[in-house]
Protein chains: 2
Amino acid sequence: MTVTLADVAARAQVSPATVSRVLNGNYPVAASTRERVLRAVDELDYVLNGPASALAAATSDLVGILVNDIADPFFGIMASAIQAEIGGPGGRAGGERLAVVCNTGGSPERELTYLTLLQRQRAAAVVLTGGAVENAPHVAAVSAKLRKLAEAGTRVVLCGRPPAPDTGAIALTFENRGGGRELTEHLIGLGHRRLGYIAGPEERTTTRHRLEGHRAALKAHDIEEDPRWTVHGRYDRRSGYEATLELLRRDPTLTAVVAANDSVALGACAALRESGLRIPEDVSVAGFDDLPFSIDAVPSLTTVRLPLSEAGARAGRIAMGREEEPPGGIATIRGELMVRGSTGAPRK
Amino acid sequence: MTVTLADVAARAQVSPATVSRVLNGNYPVAASTRERVLRAVDELDYVLNGPASALAAATSDLVGILVNDIADPFFGIMASAIQAEIGGPGGRAGGERLAVVCNTGGSPERELTYLTLLQRQRAAAVVLTGGAVENAPHVAAVSAKLRKLAEAGTRVVLCGRPPAPDTGAIALTFENRGGGRELTEHLIGLGHRRLGYIAGPEERTTTRHRLEGHRAALKAHDIEEDPRWTVHGRYDRRSGYEATLELLRRDPTLTAVVAANDSVALGACAALRESGLRIPEDVSVAGFDDLPFSIDAVPSLTTVRLPLSEAGARAGRIAMGREEEPPGGIATIRGELMVRGSTGAPRK
DNA sequence: CCTCGTATAGAAAGCGCTTGCTGTGCAGCT
DNA sequence: AGCTGCACAGCAAGCGCTTTCTATACGAGG
């Protein structure tokens, strides 16, 4: 039915071993033989059986990329960059690897299941992107899994995610705390003293770090934070919209709203506008990430640019062993404050 | 070194066959035995060897999703929906399948290579999303590949992509032509007579269909199109920005700009604004797709909503054999005109 | 002329799992 | 009691490939 190595071998009048060697090209084969084999491959339209090959060789060419939400450009951009480096067809790398992106939807269970699935496939490498969930049992479970993967020879890289100690995983971490602080300091510098904060979901490292940065800035400038000024939500526009209305209800005198990320900030802008407030004259708005659409907001969004693409590319190269690991297995990646039109001095 | 089925069998005091049957659950096993096996699995922390299993069973649990650009929410949203249905951990489906999304970057070669890679992995199903490239040799090559995949038992579904005759692939096609026409008719209805069109890359079916719809509308209303009114570009914001400046240069009297998609439309808005033109008072702008951010544009974007999520979900179900195929293997999915703030009557 | 090293090619032993077929023991039947 | 049928469990044969080890051929060196 389907063409196998043996068929090719028969047609080329050589042994299966030779065909395998021609295909893998890591053993001397006479030019004439090679050509004969390749012709046979072509004529029979032979396609290697991946599983069989992976079984025999005890390695596969699969590389997993775990993302929280594939519909979110934040992850899409990283995934795209990682994948470009991983190889995949046309990638920079030589060998053809199947870069597979797995959508965890932010769920710890799914994350774990995907890791098992990848372990089952004997993936060559795994890259986990985005913040982690800070739930003790889950963290332990993931750590254990990562350790197992590493032991089995799978290279593990964390991209935009905090380090996982003792797992052998390389971590490229975003400096969310520092970025958050810088952003809020910019606002304080403009004269703002009453700042609302729309945080992401609790229990996520990203949420916590950004919020900590924000608070650190307040503290450094002796601004006492009102607990009503913080609202938690999801990392999407809708959430930003709703949270902003809530914030406005709680304290209509706020002069600035800092959002967990750009999507949330966009939702905040919509809510403010609908409430008859002008940006930035009445209320300043700031985001985080600097996704492509942020510059198109009106006014364009002040935010912290995260080098998503560069970080992804680096993670991909490390995963492929084409770039040296950072010292200590950990690298911190800073964001850059992008001051744009959505922030200005408060009116009075 | 690594734990195998045999180890589990030994520990549970049963034969490997029994362990396999417990794990696959499609053969009667006494409850007590099953439990013993499961305990052993747990104690040994056994993880099935995917390749070995795939080899022996001649099937794998991989499902491929091909997208043009994973960083583009258009694809992200579809991929997310497809994947949710495919199963993957936590998905609606029962079995755990590895939904892998492959980023072709719009390149025909990569597309082909990925298909081969998936064929090599003996994927259970493949979903191709987004428009295709209209290049005869490539179309033929893809068709041949799809036929092969189908023959090998891989279910092939096209989502938002034109049908591929004689390949056995199921197609869910977007009615790009109709949507394009409706959009332009809306503009004409508002009184516009000089409309610029920013098309996507040539050779893509999506580009052609949308453009054809636009032209059909013009023709139906006896508007003669000036060749200067059409510019081709990429499907991104940047391209929309540049194309708009070009359009303005060619004919400053245009009263409306129709963009190939929402990202392009956003770029167009930016260019118009920077040129000192108001939207929609001076120039109306329209997009296509209705991606989430479109409603946040200021003014919010008139566009054609494509039910990306629904289409993806349906494609996913069909790929899993959980939904009946449409009659003739082809279904056409209509877009819905969303009239918003970015379009209005021309000034005079 | 014979022995070797070198360059290739082949034989064969798995890799870890699935599954058709073959037992085995026990309840139910005549 | 003897037999049939059923519910499980095991045997063993692969699945299609990789890779170690062995065989062959040839030119070179002694």
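Residue numbering restarts at 1 for every chain, and letters A, B, ... go by the order of the sequence lines.
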Excluding sequence neighbours, so at least two apart, what forms side-chain contact (heavy atoms from CB on, under 4.5 Å) with B:Leu48?
A:Arg120, B:Tyr46, B:Ser53

Output all residues satisfying side-chain contact (heavy atoms from CB on, under 4.5 Å) with A:Ala56, sequence neighbours left out; order by chain, then residue number.
none

Who are the salt bridge (Lys or Arg N to Asp or Glu O under 4.0 Å) partners of B:Arg161, not counting sequence neighbours?
B:Glu111

Length of the CZ-C1' vector between B:Arg34 and D:dC8, whole Å:
12 Å

Provide, to the nearest angstrom, the distance between the CD atom belonging to B:Glu35 and the P atom belonging to D:dC8.
15 Å

Those residues at least two apart in sequence (or on a different chain) that pass side-chain contact (heavy atoms from CB on, under 4.5 Å) with B:Ala125 are B:Val63, B:Arg155, B:Ala319

Protein-nucleotide distance (B:Gln13, atom CD; D:dG10, atom C1'), rounded to Å:
14 Å

Can you check the A:Asn26 CG to C:dA9 P distance for me, whole Å?
14 Å

Pull out every residue in residues 43-61 of chain A that has a heavy atom closer than 4.0 Å to any atom of DNA chain C, ordered by number, or say none.
A:Leu55, A:Ala56

Between A:Ser15 and A:Thr18, does any side-chain donor sit less than 3.5 Å from a side-chain acceptor?
yes

Using whole Å, what does the distance between atom C1' of nucleotide C:dC15 and atom CZ of A:Arg122 come to?
11 Å

Residue pairs passing the salt bridge (Lys or Arg N to Asp or Glu O under 4.0 Å) test where at least one lies in residues 43-54 of chain B, sequence neighbours excluded
A:Lys148-B:Asp45, B:Arg11-B:Glu43

Taking only residues at least two apart or on different chains, which pairs with a member in residues 51-69 of chain A satisfy salt bridge (Lys or Arg N to Asp or Glu O under 4.0 Å)?
none

Rounded to the nearest angstrom, tell me the gap between atom CZ in A:Arg120 and atom P in C:dG16.
16 Å

Given the structure, check if the side chain of A:Tyr27 and the base of C:dA7 hold any donor-acceptor pair shorter than 3.5 Å.
no

Could you list the residues that satisfy side-chain contact (heavy atoms from CB on, under 4.5 Å) with A:Pro165, not counting sequence neighbours?
none

Using a strict heavy-atom distance below 4.0 Å, which residues from residues 14-24 of chain B are in contact with DNA chain C?
B:Ala17, B:Ser20, B:Arg21, B:Asn24

